[in-house]
Amino acid sequence: MSVHVNNHTRLAKFFHWSFALLFVYGLAKQVDEVEELDDMAFLREEVVFAVVFLAFLALRFLYMRKQNCTALPEASPPLVQALAKAVHLGMYLSLAALGATGLMIAGLYGNGFKDGIALAIVLWFHEASYWASVATIALHISGAVFHRYAGDGVWSSMVPLLKER
């Protein structure tokens, strides 16, 4: 089956894979206990990371929106198009919430709110954002694998390995 697919630009691929690495780096360096933020140097590192994370996410979002980047074939069913948009938007929102709540935690903790209801609420939203990110990333990967086996060119437009025929 020969289907014309819009291949993503090099910059789109750079944003995609660089952000994936940034997310994995964030997981590897995550704060295990909020008390670790008592170390002001560590707290500053976390703030810088969150700002870079959010800035990179915003740049990626704006670029992809401006370029109207999609690799879905034009003949894709409306449901597939809607699901792809929903999953991508869900990823952006949950990842933005993850970074934003991380900054809120740092702001609260750095200003002496080391316990209490405000910190507990923001910590809850931070964890919920993390799990929402994991869920939407899992859906995104599942969709990519689906397209890989569908052979519609979507996989090959972004993934440098196991190209479709």
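Positions are given from 1 along the sequence.
Not counting sequence neighbours, the partners of Y92 by the ring pair (Phe, Tyr, Trp, His ring centres under 6.0 Å) test are F61. Residues passing the salt bridge (charged side-chain N to carboxylate O under 4.0 Å, His left out) test with D39: none are found, sequence neighbours excluded. With sequence neighbours excluded, no residue satisfies side chain to side chain donor-acceptor pair (under 3.5 Å) with K85. Taking the ring pair (Phe, Tyr, Trp, His ring centres under 6.0 Å) definition, one finds that F14 meets it with nothing, sequence neighbours left out. Residues satisfying the ring pair (Phe, Tyr, Trp, His ring centres under 6.0 Å) test with H88, not counting sequence neighbours, are H140.
Taking each heavy atom of S133 and L98 in turn, the nearest pair found is OG-CD2, 4.2 Å. Nearest approach of A106 to L43, heavy atoms of both residues: CB-CD1, 3.6 Å. L108 and V122 make their closest contact through CD1-CG2, 3.8 Å (heavy atoms, listed as atom of the first residue, atom of the second, distance).
Between the CG atom of L62 and the CZ atom of R65 there is a distance of 9.5 Å, given to the nearest 0.5 Å. Considering OG1 of T136 and CG of L93, their distance stands at 9.0 Å, rounded to 0.5 Å. With rounding to the nearest 0.5 angstrom, the CD1 atom of I121 is 4.5 Å from the CD1 atom of I117. Here the CG-OG distance, from L89 to S94, works out to 9.5 Å after rounding to the nearest 0.5 Å. Residue F42 holds its CZ atom at 11.0 Å from CZ of F49, rounded to the nearest 0.5 Å.
V48 belongs to a hydrophobic cluster with V52, counting contacts under 4.5 Å between side-chain heavy atoms of Ile, Leu, Val, Met, Phe, Trp and Tyr, direct or through other members. Residue L139 is found in a hydrophobic cluster whose other members, listed by chain and number, are V87; membership requires side-chain heavy atoms under 4.5 Å apart, directly or through intermediates. The other residues sharing a hydrophobic cluster with L83 are L79, where clustering joins ILVMFWY side chains under 4.5 Å apart.
Contact annotation: the side chain of L37 approaches that of I105 to within less than 4.5 Å [non-hydrogen atoms, C-beta and beyond].
Here ring pair (Phe, Tyr, Trp, His ring centres under 6.0 Å) pairs that include residues 99-136, with residues two or more places apart or in two chains, number zero. A side-chain hydrogen bond (donor to acceptor under 3.5 Å, both in side chains) check over residues 18-35, counting only residues at least two apart or in different chains, returns the pairs K29-E46. Sequence neighbours left out, the pairs with a member in residues 111-120 that pass salt bridge (Lys or Arg N to Asp or Glu O under 4.0 Å) are D38-K114. Pairs engaging residues 94-107 under the salt bridge (Lys or Arg N to Asp or Glu O under 4.0 Å) rule: none recorded [sequence neighbours left out].
Heavy atoms of other residues, nucleotides or ligands lying less than 6.0 angstrom from CD of E36 number more than 12.
Ring geometry for Y63 versus F15: interplanar angle of 30 to 60°, hence tilted.
Follow the hydrophobic side-chain contacts under 4.5 Å out from V24 and you never reach W17; the two are in separate clusters. Criterion: ILVMFWY side-chain heavy atoms under 4.5 Å apart, direct or through other members. Under it, F56 and L95 are part of a common hydrophobic cluster.
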(request) Apply side chain to side chain contact (heavy atoms under 4.5 Å, CB included) to the pair L103 and L54, showing each step before the final yes or no. (result) CA-CA 10 Å; L103 286 175; L54 286 170; 3.6 Å; yes
